[in-house]
Amino acid sequence: MTAHTHGDGHQHPHPRQPDVEDRPLTYHMALTAAVAELLVAKGVVTADELRRTVEDIDSRHPGDGARVVARAWMDTAFKARLLEDVNDAAAELGIDCGGIPIRAVENTRRLHNLVVCTLCSCYPRMLIGLPPDWYKARAYRSRAVREPRAVLREFGVTLPDDVELVVHDSTADMRYLVVPARPDGTDGWSEEALAAIVTRDCMIGTALPRSDAPRSGGG
Amino acid sequence: MMRFHPGDEVRVRSWQPPGHIRTPWFTRGHTGRVVGMLGTFGNPENLAYGGDGAPRQPLYRVRFAQSELWSDYDGRPGDTLIVDLYEHWLEATR
């Protein structure tokens with residue numbers, strides 16, 4: 001523990017927070033670092049190119065996907081194009097989803113879609129950012145295909161019996177985006193207001209957008 | 001040339017090869033129906049080890065009844081699961 005002052009005359013110790021390096025490197029952490037250093041040392045990529053790529057991936061966020069969904073709610077022609085080709089439709093809004101094709105699956109009053117990757121963590125990262133830790137966890141990956149309605153209940157979503165549930169296991173070369181159904185009570189809302197209720201989980205299928213959802217930003 | 005078409009009933013092969021396999025275990029040996037075609041892609045079982053992925057494989061969306069995959073599935077009877085599967089893992093049921 002280290003003692004320090006807060007400038008207000010009182011002095012007390014804080015428990016020491018562990019640093020990243022306090023845990024041993026795993027095999028794959030060491031491998032990743034070694035490969036990255038080799039790529040730079042051999043001039044295959046520059047350190048700046050590597051950094052920029054990581055920064056680009058880290059800058060992706062669910063807000064981009066939410067904009068796409070909100071536009072689809074406002075514009076049926078756009079929605080048709082989105083269901084045909086997500087990458088092209090997103091490009092119309094200035095969002096570059098990269099080369100991996102993303103497909104949209106649309107929720108309706110009678111149909112609910114849920115996305116999982118049982119084999120790893122395939123996810124439309126270039127449109128909605130990095131996946132949450134639970135998406136990569138064995139518990140979600142195994143249970144989402146085995147007992148999806150129970151999983152949804154744990155997320156707070158109880159599907160009525162007359163709603164068909166389709167689970168999409170993105171095992172291969174496609175990524176999947178759930179286009180949630182526009183909730184009642186949102187007539188006349190602006191595209192920005194609509195986008196604000198389309199959360200990350202809505203686009204995975206573990207949540208439903210709500211017109212009474214608390215708005216972020218305290219506004 | 002696509003061997004299967006939407007509406008075709010297919011069975012996932014019960015192979016158990018080692019390596020980088022994109023066919024989930026829980027689908028192997030089970031029967032589903034082709035609901036879509038996604039194009040052709042390099043074979044990941046070859047790409048994963050530095051190969052060129054040839055011959056490229058058609059990729060299908062295959063829909064399974066949950067009750068076909070899990071004998072004790074306790075959801076609704078109409079619930080289904082759709083998996084993307086490469087052609088060499090599929091065989092015709094008749």
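A note on names: the letters A, B, ... follow the listed sequences, proteins ahead of strands, and every chain is numbered from 1. The structure presented is a predicted model; accordingly, all values stated were derived computationally and were not measured.
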Task: Straight-line distance of B:R11 CZ to B:E9 CD, nearest 0.5 Å - done: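 The CD atom of B:E9 is 8.0 Å from CZ of B:R11, to the nearest 0.5 Å.
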Open item on the list: Closer than 3.5 angstrom, by distance alone: can the side chain of B:D8 be matched with the main-chain N or O of B:H5 as a donor-acceptor pair?
Closed with: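 Answer holds: yes.
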Task: Main-chain N/O of A:Y176 paired to A:R103 side chain as donor or acceptor, under 3.5 Å - done: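 Checking the backbone N and O of A:Y176 against the side chain of A:R103, no donor-acceptor pair under 3.5 Å is found.
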Open item on the list: Between B:E91 and B:R13, does any side-chain N to carboxylate O distance fall below 4.0 Å?
Closed with: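 Yes, B:E91 and B:R13 are salt-bridged.
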Task: Toward chain A: residues of residues 14-32 of chain B with heavy atoms under 4.5 Å - done: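 B:I21, B:R22, B:T23, B:P24, B:F26 fall under the 4.5 Å cut-off.
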- [ ] Anything in residues 46-74 of chain B with a heavy-atom distance to chain A below 4.5 Å? Please list those residues in order.
- [x]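 Interface residues of residues 46-74 of chain B: B:L59, B:R61, B:R63, B:Q66, B:W70, B:D72, B:Y73.
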TODO: Would you please indicate yes or no on a ring centroid separation below 6.0 angstrom for B:F41 and B:Y86?
DONE: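 No.
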Task: Distance-only polar pair, side chains of B:R76 and B:T80, donor-acceptor under 3.5 Å - done: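 Judged by distance alone, the side chains do not pair up.
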Task: Test item: side-chain donor near acceptor, A:S142 and A:R138, under 3.5 Å - done: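 There is no such pair between these side chains.
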Open item on the list: Go through it in stages, so that I can follow the logic: the residues are A:D85 and A:R81, the test is salt bridge (Lys or Arg N to Asp or Glu O under 4.0 Å), and I'd like the CA-CA distance, side-chain angles, deciding distance and then a yes or no.
Closed with: CA-CA 6 Å; A:D85 189 320; A:R81 294 196 296 279; over 6 Å; no
Task: Max heavy-atom pair count under 4.5 Å with chain B, selected residue of A:P148, A:A150, A:P101, A:C120 - done: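 Most pairs with chain B among the choices: A:P148.
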Task: Heavy-atom pair count under 4.5 Å with chain B, highest-scoring of A:L119, A:D173, A:V116 - done: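 Sorted descending by pairs with chain B, the first entry is A:D173.
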Determine all donor-acceptor pairs shorter than 3.5 Å in which one atom belongs to a side chain in residues 151-166 of chain A; sequence neighbours excluded.
residue : atom : partner : partner atom : Å
A:E154  : OE1  : A:R143  : NH1          : 3.1
A:E154  : OE2  : A:R143  : NH1          : 3.4
A:E154  : OE2  : A:R143  : NH2          : 2.7

Open item on the list: At a heavy-atom distance under 4.5 Å, which candidate from B:D84, B:L85, B:V83 has the highest pair count against chain A?
Closed with: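 Winner by heavy-atom pair count: B:D84.
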Open item on the list: Heavy-atom cut-off 4.5 Å, strictly under: side chain, backbone, both or neither for A:T171 against chain B?
Closed with: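 Both parts, heavy atoms under 4.5 Å.
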TODO: Under 4.5 Å heavy-atom distance to chain B, tell me which part of A:R146 shows up: side chain, backbone, both or neither.
DONE: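 Both parts, backbone and side chain.
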- [ ] Scan for side-chain hydrogen bond (donor to acceptor under 3.5 Å, both in side chains) pairs involving residues 64-75 of chain A, sequence neighbours excluded, and state none if there are none.
- [x]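 side-chain hydrogen bond (donor to acceptor under 3.5 Å, both in side chains) check on residues 64-75 of chain A returns A:R71-A:E191.
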